[in-house]
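Here the structure is laid out as structure tokens; the discussion comes afterwards.
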Amino acid sequence: QVQLVESGGGLVQAGGSLRLSCVASGRSFSRLAVSWFRQAPGKEREFVAAITGAGSIIYYADSVKGRFTISRDNSKNSMYLQMNSLKPEDTAVYYCAADTLIMTTPAYDYWGQGTQVTVSS
């Protein structure tokens, strides 16, 4: 089992920045691919970014490429999402997810509880 806890969400003005964190406990974190997804009200959960265990492969959704950066620190069992140049359409609940395989679909076995990000115009 893997437990994931997100933090760092909040209210920010358009053009601002936020850094989300996700701390994992349980299985060996360095062996897991981890990812960020988001879900806005009335919309399906969508992929944001993903990174493999060693950090050698990274994927981004086109909508966040160039603005968001995913990273991880295996010594701290943590992953991060640095979000810059935020737009109102980035408003959503952001979830971290983990699994043995890197995926861009929400088929991960383990999920956090989510953290709200609200971007005001």
Side-chain angles (χ1 to χ4, degrees):
Q1 287 293 325
V2 176
Q3 293 78 43
L4 302 170
V5 179
E6 304 98 333
S7 62
L11 173 64
V12 63
Q13 288 189 332
S17 298
L18 279 176
R19 188 190 193 213
L20 305 184
S21 299
C22 177
V23 179
S25 60
R27 290 179 58 181
S28 179
F29 181 69
S30 63
R31 297 181 180 181
L32 298 174
V34 290
S35 181
W36 290 96
F37 284 79
R38 66 186 182 187
Q39 188 166 19
K43 295 188 177 182
E44 294 185 352
R45 191 167 297 190
E46 68 169 347
F47 170 74
V48 175
I51 185 170
T52 51
S56 56
I57 298 173
I58 293 176
Y59 297 128
Y60 291 103
D62 288 342
S63 59
V64 306
K65 204 170 292 184
R67 300 188 298 123
F68 291 10
T69 302
I70 189 171
S71 62
R72 65 190 296 161
D73 184 342
N74 289 339
S75 69
K76 296 181 179 179
N77 281 9
S78 297
M79 60 178 277
Y80 310 98
L81 186 68
Q82 177 66 44
M83 305 186 294
N84 299 329
S85 302
L86 282 161
K87 305 175 181 179
E89 51 263 44
D90 294 319
T91 295
V93 177
Y94 282 70
Y95 299 89
C96 63
D99 209 315
T100 53
L101 297 175
I102 189 170
M103 295 174 280
T104 60
T105 59
Y108 285 75
D109 278 344
Y110 307 107
W111 292 86
Q113 82 289 349
T115 185
Q116 177 70 47
V117 171
T118 303
V119 184
S120 63
S121 56

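The structure displayed is predicted, hence computed values, not measured ones.
- Among all heavy-atom pairs drawn from Ala14 and Ser121, the shortest one is CB-CA, 4.4 Å.
- Under the 4.5 Å side-chain heavy-atom criterion for grouping Ile, Leu, Val, Met, Phe, Trp and Tyr, Val64 is connected to Leu18 within one hydrophobic cluster.
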**Study point:** Verdict with supporting geometry, Ser63 and Arg38, side chain to side chain contact (heavy atoms under 4.5 Å, CB included)
**Key:** CA-CA 12 Å; Ser63 59; Arg38 66 186 182 187; 3.5 Å; yes
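- Put simply, OG1 on Thr91 and CD on Gln116 are 7.5 Å apart, with the number rounded to the nearest 0.5 Å.
- Rounded to the nearest 0.5 Å, atoms OH (Tyr80) and CZ (Arg72) are 11.0 Å apart.
- Side-chain atoms of Glu6 never come within 3.5 Å of backbone atoms of Cys22 as a donor-acceptor pair (strictly under, hydrogens ignored).
- Both Ile57 and Phe37 are assigned to one and the same hydrophobic cluster, defined by single-linkage of ILVMFWY side chains at heavy-atom distances under 4.5 Å.
- The backbone N or O of Ala54 lies less than 3.5 Å from no partner atom in the side chain of Ser56, so there is not a single donor-acceptor pair.
- Contact annotation: the side chain of Val5 approaches that of Gln113 to within less than 4.5 Å [non-hydrogen atoms, C-beta and beyond].
- Using cut-offs of 30° and 60° on the angle between ring planes, the pair Tyr94 and Phe68 is tilted.
- A distance of 4.0 Å separates CG of Asp109 from CG of Asp99, quoted to the nearest 0.5 Å.
- A donor-acceptor distance shorter than 3.5 angstrom exists from the side chain of Asn74 to the backbone of Gly53, with no hydrogens or angles considered.
- Within a 6.0 Å radius of OH in Tyr59, other residues, nucleotides and ligands contribute 12 heavy atoms or fewer.
- No option in Val2, Val34, Asp73 other than Val34 meets the side-chain contact (heavy atoms from CB on, under 4.5 Å) test with Phe29.
- Note on Trp36 and Leu32: separate hydrophobic clusters, where clusters join Ile, Leu, Val, Met, Phe, Trp and Tyr whose side-chain heavy atoms are under 4.5 Å apart, directly or indirectly.
- The side-chain contact (heavy atoms from CB on, under 4.5 Å) with Tyr60 is formed by just one residue from the set Thr104, Thr69, Val48; it is Thr69.
- Checked by atom type and distance alone, the side chain of Ser35 pairs as donor or acceptor with a backbone atom of Ala49 at under 3.5 Å.
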Listed pairs under 3.5 Å, donor-acceptor, residues 81-89 side chains, sequence neighbours left out:
residue : atom : partner : partner atom : Å
Gln82   : NE2  : Asn84   : OD1          : 2.9
Asn84   : OD1  : Ser17   : OG           : 2.9

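- In the displayed structure, Lys43 atom NZ is contacted under 6.0 Å by at most 12 heavy atoms of other residues, nucleotides or ligands.
- No side-chain heavy atom of Met79 sits less than 4.5 Å from a side-chain heavy atom of Leu20.
- Contact annotation: the side chain of Arg67 approaches that of Asp90 to within less than 4.5 Å [non-hydrogen atoms, C-beta and beyond].
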Exercise for review: Mind running side chain to side chain contact (heavy atoms under 4.5 Å, CB included) on Phe47 and Met103 for me, showing each step along the way?
Suggested key: CA-CA 9 Å; Phe47 170 74; Met103 295 174 280; over 6 Å; no
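- Residue Leu11 comes nearest to Ser120 through the heavy atom pair CD1-CB, 4.3 Å, listed as atom of the first residue, atom of the second, then distance.
- Atom CD1 of Ile102 sits about 5.5 Å away from atom OH of Tyr108, to the nearest 0.5 Å.
- Atoms OG and CG, on Ser28 and Asn77 in that order, are 8.0 Å from each other to the nearest 0.5 Å.
- Here CG of Leu4 is found 10.0 Å from CH2 of Trp111. Values are rounded to the nearest 0.5 Å.
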